[in-house]
Amino acid sequence: MMNGIDLHRDGTCFARTLEGVLVHMGVRLKEVEFDRIVTLFSTTTANKVDYVKMLAYCYANWSLQRQNVVREAYDHLAKSCPGGIFHVAALQHHFNSEALTPDLVPGLFEHHSFNEFLFHWNSNVFNADGLVLWLDFADYYLDISFFFDSDVDFCQYVCQSWRVDIDDWVAKSLFHRYASEDNNDVLPEEQFVQMLAELDPMISEEEAIAFYCAIDADKSGEVSLDEFLSSKVLKVKRLFEDVKTHESRVANKEEFLVILHSLNSELTNDEALAVYQYADVDGSGKISFAAFLQNHLLKLLEFFHPFARHRNRSLGETEMRRLLLSQDPDLSEADLRQIYKAVDTDGSGSISFRELCESHVLRAILLFKRFDLDRDKHLTQWELDRLLMYMDDSLTRQQLDVIHGLLTNTNTGCVSIGGLLSPNITRIKFLFDKYDSDRSGYLDVEEFKEMLRDMLSGITDRDIDELVNAIMPSEHSAGLDFTDCISNFSEISKRHELIMLARRRQARLKARSRGLLFKG
């Protein structure tokens, strides 16, 4: 409108003309107020006002960050239109009316919020063909910006209005700032770490390394924009900061469960608790942001979606195989069978998400990939040694050789993923550390009993006593170390299977004597 009355295109207009424009826009000022404006923005020409200077002061809170988020919203809407040409229909289709609240527009009824939004987009804004130009879109938000003191509040409002993920927008903006002009969709490690430092000057070295490793899953030494956005690491970081934790980016059990439900509202309390127990490796009861990333919990939560789609929240062997192959198409039949067997410890023929967490199978697979340096799907003895020392740096050469002998395929002399899970050394290590309460490196009789009770389903105290007497004779009076537990796992599993088989046979005979059909 101001451009239309600026006949000389010099950024000035007559004072009375400006007053008329303001009245037309619904801005009625007292005479003393308007005289003050004329005094502040007068020019060398009598009765003329520098309206460009006046508008610049009006939009003093318009920042580069605000302009970038508006541009992101505009591009987001343009992409949703045929041919990428922004049409007014996109405004009507994509606007989230929940973003316009009575807090922003006093007296607004919720069911009127969409009409209130459209009221400001009158026919004068659009071209005759219904196209929305960037300048029209930006001009609208120039006016809106005036009512937001905080850049954060303004950006959140714009993103919520058009259902733009604010975490993705922040990530994309930072990423492109540090990417090279030649390839702005990839960041090498050095630039990525610099970006993290700007993102959070308080980020620790441990967090930065965990951040990078969590995103560079293929170990390429570079992080692509797609990897960065799909990782959702920024959202996790914000959740750790938003939840009122007692320590900086460290959550206790209750706080961590809130974070998990914020990431996926479909998790039941029982499933969320299983994830918490999976992550609490040191038994401290606290999970840090770095530990969240180091334990690959985002990857674990990716595995949750197929379970949530089933009414009984469990998967059969065929469905589990399909899920595993979607993550790694090169898994062999033998590895698939062993992975499923390591999860389905009760032999029921189906597995729940909780069982997947308790098995620590995903942790084993990711550890295997980390130390399989030549990506040949086998661990040499040197690679296995590195993996075992990562799990427990107190292991001696003799203990490493014993474990290697238990896991190695005699034909190849190497260890496959299936071999690493037969026995499942990651779960054994987790349970060993959990019940080694005095951190002596040995489990005494009572500690070993507690470990067996946690490891084996459907077992009684009498069964446990029999197992302990068979596994821990007098020569083991000092207790069992980690290597002893691995060495005896096969015997423990065999005896447990015999116990459960005898129990089912007894139940079958009892049912038959009563004329009932036994299922199990």
Side-chain angles (χ1 to χ4, degrees), residues 69 72 76 96-99 101 103 150 152-174 196 199-200 202-204 206-208 210-211 213-215 217 226-281 284-310 313 352-354 356-358 362-363:
V69 75
E72 177 70 17
H76 172 74
N96 177 18
S97 57
E98 295 179 359
T101 64
D103 291 335
S150 164
V152 173
D153 292 340
F154 177 81
C155 292
Q156 287 178 339
Y157 170 71
V158 174
C159 288
Q160 187 179 3
S161 296
W162 306 111
R163 294 182 172 87
V164 174
D165 190 311
I166 193 168
D167 294 304
D168 284 354
W169 169 68
V170 172
K172 190 185 298 183
S173 301
L174 277 172
L196 292 182
L199 179 68
D200 183 1
M202 301 299 293
I203 195 167
S204 67
E206 180 187 22
E207 289 175 330
F211 208 129
C213 292
I215 297 176
D226 287 341
E227 285 177 325
F228 190 38
L229 295 180
S230 63
S231 71
K232 298 297 179 185
V233 175
L234 278 179
K235 183 174 183 179
V236 175
K237 178 177 177 294
R238 180 172 57 79
L239 287 171
F240 267 88
E241 292 168 344
D242 288 349
V243 173
K244 303 301 181 182
T245 58
H246 292 86
E247 298 179 54
S248 176
R249 288 201 284 264
V250 177
N252 60 27
K253 178 180 176 181
E254 291 73 21
E255 294 161 346
F256 187 73
L257 294 180
V258 171
I259 291 172
L260 287 177
H261 282 118
S262 298
L263 287 169
N264 194 321
S265 58
E266 292 186 292
L267 281 167
T268 65
N269 290 334
D270 189 55
E271 289 164 341
L273 184 61
V275 177
Y276 165 76
Q277 292 168 340
Y278 176 92
D280 187 23
V281 178
S284 66
K286 297 179 180 180
I287 313 295
S288 67
F289 171 60
F292 187 103
L293 300 179
Q294 290 164 349
N295 284 288
H296 302 280
L297 296 191
L298 286 171
K299 175 65 71 175
L300 180 64
L301 292 175
E302 283 182 26
F303 273 75
F304 169 72
H305 298 295
F307 289 92
R309 288 197 294 265
H310 286 71
R313 303 181 83 83
S352 66
F353 181 67
R354 183 179 185 89
L356 178 66
C357 295
E358 291 175 344
L362 180 60
R363 192 189 305 278

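Among residues two or more places apart in sequence or in another chain, the salt bridge (charged side-chain N to carboxylate O under 4.0 Å, His left out) test is passed with Lys237 by Asp200, Glu241. When the side-chain hydrogen bond (donor to acceptor under 3.5 Å, both in side chains) test is applied to Ser262, no partner is found at least two apart in sequence or on another chain. By the side-chain hydrogen bond (donor to acceptor under 3.5 Å, both in side chains) test, Asn96 pairs with Arg163, sequence neighbours left out. By the salt bridge (charged side-chain N to carboxylate O under 4.0 Å, His left out) test, Lys172 pairs with Glu72, sequence neighbours left out. For Asp270, the salt bridge (charged side-chain N to carboxylate O under 4.0 Å, His left out) criterion is met by Arg354, not counting sequence neighbours. By the side-chain hydrogen bond (donor to acceptor under 3.5 Å, both in side chains) test, His310 is found to be paired with Glu319, residues two or more places apart in sequence or in another chain being considered.
No donor-acceptor pair under 3.5 Å is formed between the side chain of Asn269 and the backbone N or O of Leu273. For the pair Tyr276 (side chain) and Gly285 (backbone), a donor-acceptor distance under 3.5 Å is present.
For residues 153-162, no pair satisfies salt bridge (charged side-chain N to carboxylate O under 4.0 Å, His left out), with sequence neighbours left out.
What you find for Ala251 and Phe256 is that their closest heavy atoms are CB-N, 3.8 Å. In this structure, Val275 and Cys357 approach most closely via the heavy-atom pair CG2-SG, 4.1 Å.
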| message | What verdict does the side-chain contact (heavy atoms from CB on, under 4.5 Å) test give for Phe240 and Ser288, after you've listed the backbone C-alpha separation in whole Å, the side-chain angles of each residue and the deciding distance to 0.1 Å? | response | CA-CA 8 Å; Phe240 267 88; Ser288 67; 5.7 Å; no
| message | Test side-chain contact (heavy atoms from CB on, under 4.5 Å) on Cys159 and Val69; report intermediate values, then the result. | response | CA-CA 8 Å; Cys159 288; Val69 75; 3.7 Å; yes
| task | Show your reasoning for whether side-chain contact (heavy atoms from CB on, under 4.5 Å) applies to Lys253 and Asp280. | result | CA-CA 9 Å; Lys253 178 180 176 181; Asp280 187 23; over 6 Å; no
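Note that CD of Glu271 is 11.0 Å distant from CG of Leu356, once rounded to the nearest 0.5 Å. Here the straight-line distance linking atom CD1 of Ile287 with atom CD of Gln277 works out to 10.5 Å at 0.5 Å rounding. For the atom pair Gln156 CD and Ser161 OG, the distance stands at 11.5 Å (nearest 0.5 Å). Expressed to the nearest 0.5 Å, how far CZ of Arg309 lies from CD of Glu266 amounts to 9.5 Å. Note that CG of Leu196 and CD of Glu207 are 10.0 Å apart. Values are rounded to the nearest 0.5 Å.
No salt bridge links Glu255 with Lys286; every basic N to acidic carboxylate O contact stays at or beyond 4.0 Å.
Between His305 and Asn264, some side-chain heavy-atom pair lies under the 4.5 Å cut-off. At a threshold of 4.5 Å between non-hydrogen side-chain atoms, the residues Thr268 and Phe353 do not count as touching. The side-chain heavy atoms of Val236 and Leu263, taken from C-beta on, include a pair separated by under 4.5 Å.
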Exercise answer: donor-acceptor pairs, residues 290-304 side-chain atoms, under 3.5 Å, sequence neighbours excluded:
from: Gln294; atom 1: NE2; to: Glu206; atom 2: OE2; distance (Å): 3.4
from: Asn295; atom 1: OD1; to: Arg363; atom 2: NH1; distance (Å): 2.5
from: Asn295; atom 1: ND2; to: Ala291; atom 2: O; distance (Å): 2.8
from: Lys299; atom 1: NZ; to: Gln327; atom 2: OE1; distance (Å): 3.2

